[in-house]
2 protein chains.
Amino acid sequence: MAKIKITRELVAQKAKVAPSTVSRALSGHPGIPKRTADKVKKIAEALGYIPSSLGRSHFQKKSFRIGCVIPYKFDQRIQTLPSDYFSKFLYGLMLSAMEKNYSVTVIPDSGLSASELAHNVQSNNVDGLVFLGIRRGDTRFSELYRKKIPFIFIHHYEPGRNYPYVDTNAETGLREAMEYLKSNGLNKCMLVSGGNAFRNALDRTAIYKKLIKEYSFSDLGIIDGDFSIKSGVFAAKKIALEGLPEVIFCANDRIACGLIQGFQELQIRVPMDVKVIVFDDMNVTRIVTPKLTTIENPFFECGKKAAELILSCIKKEKPQNIILPSKLIIRDSA
Amino acid sequence: MAKIKITRELVAQKAKVAPSTVSRALSGHPGIPKRTADKVKKIAEALGYIPSSLGRSHFQKKSFRIGCVIPYKFDQRIQTLPSDYFSKFLYGLMLSAMEKNYSVTVIPDSGLSASELAHNVQSNNVDGLVFLGIRRGDTRFSELYRKKIPFIFIHHYEPGRNYPYVDTNAETGLREAMEYLKSNGLNKCMLVSGGNAFRNALDRTAIYKKLIKEYSFSDLGIIDGDFSIKSGVFAAKKIALEGLPEVIFCANDRIACGLIQGFQELQIRVPMDVKVIVFDDMNVTRIVTPKLTTIENPFFECGKKAAELILSCIKKEKPQNIILPSKLIIRDSA
DNA sequence: CTGAAAGCGCTTACAG
DNA sequence: CTGAAAGCGCTTACAG
């Protein structure tokens with residue numbers, strides 16, 4: 001029952017053309033007349049011929065694959081990126097890549113060296129790298145840049161460097177939020193920040209500071225958090241002691257969940273006693289009670305744009321950074 | 001500034017051996033004496049030679065890649081698999097694959113035909129397929145089987161077929177849960193089921209039915225859910241009308257969150273008025289209040305085993321299905 | 001123990 | 001418009 005492998009040669013033979021003509025017909029080469037192309041296509045189809053992506057890749061010295069580098073840490077339990085972020089982004093990336101006949105390979109990163117990262121491209125396993133969840137102070141990128149490895153950042157950038165990136169502008173959504181609050185007569189606000197490990201957390205804090213001035217909110221200060229539930233619980237206790245504002249912005253959903261938990265224990269009710277608005281828009285914001293009013297970060301769109309950007313880097317075009325707007329989604333917490 | 005590509009030939013020249021010897025030295029061929037191998041390795045390293053995975057793959061007619069097929073649907077918003085499931089599983093798969101010098105390519109599936117799925121392997125884009133989130137009644141697999149495409153299921157199986165799979169045994173964890181409840185003197189219980197679209201949901205219901213008899217629980221019946229928040233809210237109302245049991249099992253976290261929301265509106269408190277135990281263990285179970293007591297499904301382990309199983313299929317070994325135990329994690333809801 | 005040679009399946013200049 | 005030929009960079013039998 002040895003099945004014969006359907007090769008290009010077999011198709012050529014049946015169609016009475018040369019193998020190179022088969023290739024040309026199937027890839028839509030302009031020089032081939034429609035009649036010939038159609039004949040070849042029909043025979044190829046009938047025979048079930050499927051071109052080897054390995055042969056093609058090898059000849060062209062391109063893998064037609066994008067490497068998506070995903071950080072992780074092993075502690076007691078496996079630490080991943082916020083999962084929704086990861087999966088929504090990845091869908092966008094995959095779908096957009098697919099349209100361009102690229103596929104996506106995932107690369108786990110528990111602290112690979114710059115050389116190890118470069119290796120993925122130098123060995124032609126992938127054609128370029130997409131980085132998410134990058135922390136400030138990561139020093140691996142100058143080597144990649146020097147080695148001319150195509151790479152981009154998602155939700156990160158390095159001031160003063162020419163590393164291309166796709167980012168979300170927190171300002172548009174925060175502006176909507178502040179206008180919404182103003183129109184409801186709210187005035188006293190606070191922020192539980194995301195600390196300084198991530199560029200995005202820093203930016204959110206900076207934009208918050210700028211806008212509360214611009215919109216003349218009464219500034220009750222900032223509490224430093226770190227994107228964890230625990231820091232939210234802690235913030236709740238501190239805020240309860242110091243006196244409640246009317247609105248609390250949280251740098252992410254985990255902080256907000258911790259905050260609301262902390263308030264619950266103190267009999268402080270959201271949104272009746274204090275409103276809460278959250279950055280990002282994870283699935284959890286719709287699962288918890290109350291459902292969280294958020295400044296949405298368009299992860300899926302971001303993935304789509306990421307595919308476009310890394311492909312332009314791979315083609316050695318001059319990359320154009322992409323900045324997507326965030327927007328307000330009103331639910332129950334504010 | 002034209003950089004010369006470091007080739008195997010250059011290494012061979014510097015080391016005064018043939019190119020084939022370079023390959024052999026670098027891949028640890030047994031016939032090469034340590035002296036020669038070390039010399040070649042040193043020179044290759046110094047030159048920064050990195051073998052092309054494309055050449056290797058092409059020659060061996062193997063991509064050294066596992067395809068992870070991820071279902072999605074476009075509705076108003078993109079529908080993904082439960083995200084934690086997806087990401088934790090993927091980590092396990094990636095890490096385990098990496099140990100065997102395989103990488104993982106993700107394949108989005110919004111209803112690809114069997115031929116389209118097969119195509120990924122036939123074109124050598126990947127060597128085999130891993131399926132998650134498969135619904136009962138999916139008819140695409142007989143064609144894959146017939147075409148001898150290596151593939152496996154995760155958390156799914158087809159009775160009477162020889163399709164290999166990795167699954168979790170819900171019984172071990174449920175048994176622990178029931179013993180735990182008994183030891184606390186609890187007796188009257190219910191289940192909000194996950195419907196019949198997924199094999200796993202069906203299995204959970206069947207095992208539940210079996211064990212409440214075995215442990216002599218007082219059976220207050222089953223409410224059909226569908227893994228959605230809404231079905232949890234609905235169940236809460238129904239249960240409140242019909243009279244509260246002591247314990248409610250939920251087929252997943254979304255149902256449980258809906259249930260607790262529904263109870264909250266009715267002033268029914270968890271765990272004071274009724275205990276809740278949930279299958280799976282998503283991140284959300286630790287974020288919500290109360291933290292949910294769960295029967296853990298080891299997603300990460302499952303990913304690791306999946307890599308082993310699909311690789312054994314690829315190597316044409318006789319695949320051995322893998323069934324992992326679940327276990328009880330006690331938190332605040334029961 | 002090591003080299004020369006064949007071949008993996010493609011694509012693309014180069015002829016005609 | 002189409003064919004014959006070269007070559008992508010590797011591995012592995014086959015000689016020696």
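Order of the sequence lines sets the chain letters (A, B, ...), proteins ahead of strands, with each chain counted from 1. Note that the structure is predicted; figures quoted are calculated from it, not measured.
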Would you give the length of the straight line joining atom CD1 of B/Ile322 to atom OG1 of B/Thr168, rounded to the nearest 0.5 angstrom?
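Nearest 0.5 Å value for the CD1-OG1 distance: 11.0 Å.
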Toss me the dot-bracket line for DNA chain C: Watson-Crick and G-U wobble, both under 3.5 Å, 5' to 3', using | for pairs to another strand and [ ] for crossers.
|||.||||||||.|||
Using 30° and 60° as the class limits, which term best fits the ring planes of A/Tyr85 and A/Phe299: parallel, tilted or perpendicular?
tilted
For A/Tyr102 and A/Phe64, take the angle between the two ring planes, folded into 0 to 90°, and tell me which bin it lands in: parallel under 30, tilted 30 to 60, perpendicular over 60.
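If you compare the ring of A/Tyr102 with that of A/Phe64, the planes turn out perpendicular.
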Taking side-chain contact (heavy atoms from CB on, under 4.5 Å) as the test, write out the residues that go with [X], two or more places apart.
X	answer
B/His58	A/Leu54, A/His58
B/Lys315	B/Glu317
A/Pro33	A/Thr36

Measure from the ring center of A/Phe141 to the ring center of A/Phe131 and say whether it is less than 6.0 Å.
yes
For B/His155 and B/Phe198, I'd like to know if the aromatic rings sit close, meaning centre-to-centre distance below 6.0 Å.
no
For DNA chain C, find the residues of residues 34-48 of chain B with a heavy-atom distance under 4.0 Å and give them by number; none if there aren't any.
B/Thr36
Would a distance-only check, ignoring hydrogens and angles, find a side-chain to backbone donor-acceptor pair under 3.5 Å from A/Asp127 to A/Ile314?
no
Contact pattern, 5' to 3', of nucleotides 3-10 of chain C - B, S or - by protein heavy atom under 4.0 Å
BB--BBBB
Nearest-Å distance, CG (B/Leu26) to C1' (D/dT12)?
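Atom CG in B/Leu26 sits about 16 Å away from atom C1' in D/dT12.
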